[in-house]
There are 2 protein chains.
Amino acid sequence: MRTTKQKQAIETVFLNSDRPLSVEEVTERARETAPSINTATVYRNLKTLVDSGILTKICSGQAGTLYEPNHSGHHHHFHCRTCGKTFDLPGCPLSVQPKLPEGFTADSHELFYYGICAECARVGVDQRVYPE
Amino acid sequence: MRTTKQKQAIETVFLNSDRPLSVEEVTERARETAPSINTATVYRNLKTLVDSGILTKICSGQAGTLYEPNHSGHHHHFHCRTCGKTFDLPGCPLSVQPKLPEGFTADSHELFYYGICAECARVGVDQRVYPE
DNA sequence: GTGTATGCAAAGCTTTTGCATAGGT
DNA sequence: ACCTATGCAAAAGCTTTGCATACAC
């Protein structure tokens with residue numbers, strides 16, 4: 001595995017982010033360091049990083065597909081309907097062994113909250129739907 | 001809004017299903033009644049039914065995009081990694097007011113469990129990944 | 001007869017893949 | 001010098017849209 005400017009740019013993007021990012025966000029931010037970086041390269045690197053356990057891919061109906069570092073432990077997410085950003089929530093409100101129908105066994109779960117984040121509530125731009 | 005064979009076929013599909021269905025499943029089953037039905041028609045009708053509150057669209061990273069009748073009340077879903085089917089789970093293990101960071105307000109949430117369903121556990125086809 | 005819903009085909013998006021080559025080792 | 005990772009372009013899903021026409025009313 002070779003050290004390229006593109007690969008380093010992508011890793012830096014995640015080091016400098018405190019929330020999960022979309023492919024588009026990753027590409028935009030990576031271009032600040034590696035201006036020529038191509039979408040295909042971003043996808044290829046994200047896939048490699050997920051396969052090697054460095055990143056995790058998360059997905060919800062409203063938040064879409066996002067990537068985040070895998071080191072943060074078990075936690076869940078909050079998607080703001082106003083600014084469209086997704087945030088990490090510390091901890092997990094669920095018991096390890098949920099009540100499931102007879103014979104069903106769960107080994108993992110994914111939980112998304114939807115609502116308004118602190119920043120959007122403060123600014124009061126209720127009418128705004130998604131960034132800028 | 002006109003009553004067409006295609007529209008009725010789609011509604012019947014959901015009346016006869018006990019679990020959320022993918023667009024592909026809806027199309028296949030609707031063709032049993034309306035053989036000529038087209039994918040575009042399926043999408044258009046699903047959109048209309050969702051907009052009018054009859055269906056709900058759900059989505060997760062592993063289960064993909066699914067539709068189900070909206071009358072079932074608040075509940076969550078279980079996705080079987082072996083057969084690929086998604087099932088309804090009765091009830092909700094979460095409190096209405098979760099602990100969120102200062103200033104955040106949630107109005108809804110979405111929860112997916114992942115694991116093995118009763119049927120797949122019984123049959124023991126652990127190696128199988130997705131139907132048939 | 002009028003006008004909406006459908007089928008078909010084309011086009012949008014997002015993501016993946018083939019291939020030549022730039023660049024890391 | 002070798003060979004991997006990149007850029008570009010094409011292609012492969014999935015979903016939406018334009019347009020002529022079938023068909024519900």
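Quantities reported herein were computed from a predicted structural model and do not represent experimental measurements. In the text below, chain A, chain B and the rest are named by the order of the sequence lines, each starting its count at 1.
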For the side chain of [X], counting heavy atoms from C-beta on, which of [options] is nearest?
{"X": "A:Met1", "options": "D:dA5, C:dG7, C:dT17", "result": "D:dA5"}
{"X": "A:Arg2", "options": "C:dG23, C:dT17, C:dA9", "result": "C:dG23"}
{"X": "B:Ser36", "options": "D:dT6, C:dT25, C:dG7", "result": "C:dG7"}
{"X": "B:Arg44", "options": "C:dT15, D:dA5, D:dG18", "result": "D:dG18"}
{"X": "B:Val23", "options": "C:dT6, C:dT25, D:dT15", "result": "D:dT15"}
{"X": "A:Asn38", "options": "C:dT6, D:dT6, D:dC8", "result": "D:dC8"}
{"X": "A:Tyr43", "options": "D:dA5, D:dA24, C:dT16", "result": "C:dT16"}
{"X": "A:Lys7", "options": "D:dC3, D:dT6, D:dC23", "result": "D:dT6"}

Q.
Please compare B:Thr3 and B:Thr65 by the position of their nearest nucleotide in DNA chain D and report the one closer to 5'.
A.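 Its nucleotide being nearer the 5' end, the pick is B:Thr65.
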Whole-Å gap separating [atom2] ([N]) and [atom1] ([X]):
{"X": "A:Leu46", "N": "D:dA5", "atom1": "CG", "atom2": "C1'", "answer": "15 Å"}
{"X": "B:Asn45", "N": "D:dT15", "atom1": "CG", "atom2": "P", "answer": "15 Å"}
{"X": "B:Lys57", "N": "D:dT15", "atom1": "NZ", "atom2": "P", "answer": "7 Å"}
{"X": "B:Lys5", "N": "D:dA22", "atom1": "NZ", "atom2": "P", "answer": "15 Å"}
{"X": "B:Ile37", "N": "D:dC23", "atom1": "CD1", "atom2": "C1'", "answer": "15 Å"}

Q: Give a yes/no answer on whether the side chain of B:Gln6 brings an N or O atom under 4.0 Å of OP1 or OP2 in D:dC23.
A: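 Indeed not, no polar side-chain atom of B:Gln6 lies that close.
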(Q) For D:dA24 and B:Thr4 - does any side-chain N or O of the residue sit under 4.0 Å from the phosphate oxygens OP1/OP2? (A)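 Answer no for this pair, as no side-chain N or O of B:Thr4 is under 4.0 Å from OP1 or OP2.
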Q: Verify, without hydrogens or angle tests, whether A:Arg19 (side chain) and A:Asp88 (backbone) share a donor-acceptor contact under 3.5 angstrom.
A: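 The answer is no, because no donor-acceptor pair under 3.5 Å joins these two groups.
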Q. Using a cut-off of 4.0 Å on non-hydrogen atoms, how would the nucleic acid contact of B:Lys47 be classed: base, sugar-phosphate, or nothing?
A.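 Result for B:Lys47 = nothing.
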Q) Is a side-chain donor-acceptor pair under 3.5 Å present for A:Glu68 with A:His75? A)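 A:His75 vs A:Glu68: donor-acceptor pair found between side chains.
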(Q) Could you tell me if A:His74 and A:His109 have a donor-acceptor pair between their side chains, going purely by distance under 3.5 Å? (A)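 A pair is found: one side chain offers a donor N or O, the other an acceptor, under 3.5 Å apart.
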Q) Under 4.0 Å between a Lys/Arg side-chain N and an Asp/Glu carboxylate O for B:Glu119 and B:Arg122? A)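 Salt bridge flag = yes for B:Arg122 with B:Glu119.
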Q) Is the distance between the ring centroids of A:Phe104 and B:Phe87 less than 6.0 Å? A)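 Between B:Phe87 and A:Phe104, which both carry aromatic rings, the centre distance is below 6.0 Å.
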